[in-house]
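All remarks here apply to the structure that follows.
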Amino acid sequence: MKNKMLRRVLPLTLSVSLALGASAVPAFASPGKAAQAIAAWSFEKDAGGWQYDGKWAYKGKAVVEHTKEIGGGALAAKVDFRPTKDKDWSEVKLGQTAVSAEKPLDLGQANRIAFDFYYQPQAMTTGAFKTKIYMKTQDGKEVQAIADIDLKNAATGKNGYKKAHVLVPFDTPEVPVTFFEVNLVGSETDYCGTLCVDNITLSYDDGYVARTVKPAKQQKLDLKALTLPQEAALTDAKAIPEAARLYAFLEGIADSDYVLYGHMNDLLMHAGPKGSDTYGMVRDYPALIPIDAMTLAGNDTEYQNHKPAPGALPPVTGQAAVDRAISLSEDAAGKGAIISLSAHMPNFADVAKKGKVNGEYDFSGFTSLVTDGNVVQRVMPGGDLGEVYNAYLDKIAAYALALQAKGIPVLFRPFHENNGSWFWWGAAHCSASEFKNLYRYTEEYLRDVKGVHNFLYVYSPNGPIASEADYLTRYPGDAFIDVPGVDMYHEKPQKKDSWMENFGKTLDVVQAFAAKHHKLTTVPETGILCGKDTLGRTGMQRPDWLTEALGLFSARKYPYFSTWSNFNADVFDQPYMVDKKRGHEMVDGFTRFYNDPRSIFAGQMPAWQKLSVQVTPAAETYGYLLAPSSNARITAPVQVRAKAAGAYQKAGFQFTDASGKVIAQAAAKKGADGTFTTDITADALKKIGKTVGNVEFLLDGKIADSLRVFYNMPKTKAPLPVVDDFESYYGDNELLRDAYSTNCGPGCSIQASLAGAADEHNQGAQGLDFHYTIVKGGWTGIIKSMGVNWGDYDAVAFWFRPDGKGQRFIIQMNSDGEDFEVNLTDLAKQTQPQLVVLPFSKFVGKNGGTFHPERLQHFAIYCNTVGDDAVDSHFYLDDIHAVKQ
């Protein structure tokens, strides 16, 4: 990582006649000294090498020339956006001719470009402008950044023009650039006239600000101020006393207006100069300090390949890694913090391929996002990856037992965000019952086999959560979850967006669920994402975001929440200081959050370990089905298996139809391994008939577990290379939805259903009804896991009936882990059914990669909001398949 300077750049205007070859560009001063601008163009004499450089989605040809019209000289572009006023992107490119392969421009550490933008208000009645900075480096990499141009705060200029100052941050290229453009973009505008650009300056700004708010000394929380229960109903009846005391303390916090603050890896990694970034800001530590099970393998710093900051703890492996994780948690507990352990588990199929080293598996490397290999099914007892998985759980147990011996409880959070599909345990990669059983097995192995009794088990799917039914879909059950919660991030916050309101709705759903099930609830992960996976160095429009969130939690029964890890000065999720006086632009907002009497940090934590609390079991008796899987198609004799625990006299099974009518019952046979079995025979299948129904496990005549299945309804295989022809679901929407996972922004939803009306599908009996609800800044979509080779084809085709709403309609395909997309917004403005054919060459990678159809991982359909209004509408699709043009 480059050594970033800590002083702002002082712009240095260069002569426009300066040759911009690498040798002519002033070098940066060494760190700690005043830095200078890399290059600037004032246009006092001429166009300075800038010219019209092409267009994208713009009609006609713009005229670009030097002008004195605004005074002092500028670069003028005569444009007419009227023919493209219905498009949200119409681009006129301004290129710098002095930058080339022969004369590259060395940007040094430049990370922003600024210029003055002049426009004529009378030349437009609608729309807006954006700018796009585009460069290519000597090694062929693209560097680009986009920003809106703020017309609302434009100042009055000469000759009827108004002036807006534009500032565009960008990622610093590591090598000189050979191609350089500043592009003007019309967005749904009818502007016809002259646009002027002046004072283009490339410079460096570290983005840090002087802090003005100081942390105030906080008083310790008085336990007497809390209403504390004397019993804790836990999933582990043998839980150590400290685990029950922690649970009771969290219940007391939940019933107050206090909220505990947590920060991932606070003692392990940092973005500031050294140590805890939280302590660096407020001279206190978080009340909750989670680590990840990746630390047990010595690779927490490898998370998504983020490089650790200088001075971070060096990598370790083997027992040393486990010892470090134990030491970190002991240190955190000694500071008064609560301990939490998340688990970005590796893809165990990949682990198995590496084999053993010195008799041990190598669990290092961030492979949670590698979703192939049917891992969930293979790690369960009887699967070929069972030994590998148990070895991993043994590491977790070793960590837990070391803390257990010292009376330190742990909030354990495995398999988070399971309703998404980005992890191998996600919804697209296992059925609901398979996920539940994975969680149950994990807990029973740690608790009953390894003797771990200091864990409180946390469950956190990804938000938004629309309803209790939505939350229950993959919930493992009250006998296995102590703390139900939800993860939810605010992407690209705007000053007046509705995210907090929508977040509150999700919090209400989860809180109501928790209350109904007599549980605590929490938000283990939340925060701000201004970039792909980070808070961002600059541009935060909600500096008091944490206090806003605190208000939501404090008004509800949420005892704690946590932000994610700081990895380095560029990848972080919590503000930080860079020296005693300066820090991230949110440091004052964070300090105000710390000073708020409702927020609790480690230094304010009371001695909850001294509470007197009785452990009671969350469930005296429980049972669950091991096989078949939920939404299985039972077309031949099959064995049904279940497991039970607690006090009961009799176990049995029954089979129902869609209405709930019991069609058949069967006694349960208990095997040597303690599981109960029965067989669905050919005669039983004949009696049940062709129907959607349930398999139910009974304990003393009461339903302990139930899962939905499809009797005598075989899966019809669509001809290759088909994504879906929607004919294999027997008209059942649950089967359809089981084949797809969903991804929605806050306040948005998607309901995928089968469409049978004549004008809603192409041929056969069924098509897809893509019923979307989106709000400002929102998105929603469905994803189908593929894992196929389309190397013999060069395009994807489908029948499509748009809705005329003109929302951003996206077709996405994933190859080698990268998403490639085509934007069909123009098509979404129409209403006529049509056949759409998209060549693979039209799909653009989010990371600039190359699409490899022979390694197609998933196919997705997305809709993003265009404009400020909420939209509730339908697209219809059918017969999605690959073609050879």
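Classification of the F180-W41 ring pair by plane angle, with boundaries at 30° and 60°, yields tilted. The aromatic rings of F423 and H416 sit tilted, their planes meeting at an angle between 30° and 60°. Between H490 and W545, the angle of the ring planes lies from 30° to 60°, which puts this pair in the tilted group.
Exactly one of D148, I146, N183, V182 qualifies for a side-chain contact (heavy atoms from CB on, under 4.5 Å) with T131. That residue is V182. A side-chain contact (heavy atoms from CB on, under 4.5 Å) with P290 is found for one member of P524, S565, S340 and no other, namely S340. Partner of N566 under the side chain to side chain donor-acceptor pair (under 3.5 Å) criterion, out of D573, T534, D277: D277 alone.
The residues K141 and D171 are annotated as not salt-bridged, no charged nitrogen and carboxylate oxygen being separated by less than 4.0 angstrom. Ionic pairing of D596 and R598 is present here: one or more N-O contacts between side-chain nitrogen and carboxylate oxygen are shorter than 4.0 angstrom. Salt bridge absent: D198 and K163 never bring a charged side-chain N and a carboxylate O closer than 4.0 Å.
A donor-acceptor contact under 3.5 angstrom links the side chains of T278 and Q574, judged on distance only. For the residue pair S329/Y399, the side-chain donor-acceptor check at 3.5 Å is satisfied. With no hydrogens or angles considered, no side-chain donor-acceptor pair links Q511 and Y558 at under 3.5 Å. With hydrogens and angles left out, the side-chain atoms of S276 and D266 include a donor and acceptor closer than 3.5 Å.
By the side chain to side chain contact (heavy atoms under 4.5 Å, CB included) test, E242 is found to be paired with I240, R245, P409, residues two or more places apart in sequence or in another chain being considered.
Remark: aromatic rings of F590 and H584 are distant, center separation not under 6.0 Å. Aromatic ring centroids of Y261 and F561 lie under 6.0 Å apart. Between H344 and F366, the distance separating the two ring centers is shorter than 6.0 angstrom. Annotation: H263 is not in aromatic contact with Y285 [ring centroid separation under 6.0 Å not met]. Aromatic ring centres of Y576 and Y208 lie closer together than 6.0 Å.
For the atom pair CD1 (I291) and CE (M269), the distance works out to 10.0 Å, reported to the nearest 0.5 Å.
Residues D292 and W564 are in side-chain contact: their nearest non-hydrogen atoms beyond the backbone lie under 4.5 Å apart. In this structure the side chain of D487 never reaches within 4.5 angstrom of the side chain of V523, judged on heavy atoms. By the 4.5 Å heavy-atom criterion applied to side chains, Y594 and D284 are counted as neighbours. A heavy-atom distance below 4.5 Å is not found between the side chains of T137 and E174. Looking at L105 and P176, their side chains never come closer than 4.5 Å, going by heavy atoms from C-beta outward. Under the 4.5 Å side-chain criterion, counting only non-hydrogen atoms from C-beta, S460 is not in contact with E525. Residues W608 and L250 are not in side-chain contact: their nearest non-hydrogen atoms beyond the backbone lie 4.5 Å or more apart. A 4.5 Å side-chain heavy-atom check between L411 and L288 finds at least one atom pair inside the cut-off.
Counting non-hydrogen atoms of neighbouring residues, nucleotides and ligands closer than 6.0 angstrom, the NZ atom of K136 reaches no more than 12 such neighbours. Within a 6.0 Å sphere centred on CZ of F129, other residues, nucleotides and ligands contribute more than 12 heavy atoms.
Heavy atoms only, all atoms of each residue included: M605 and A287 are closest at SD-CB, 3.9 Å. Between P559 and I253 the shortest heavy-atom distance is O-CG2, 3.4 Å.
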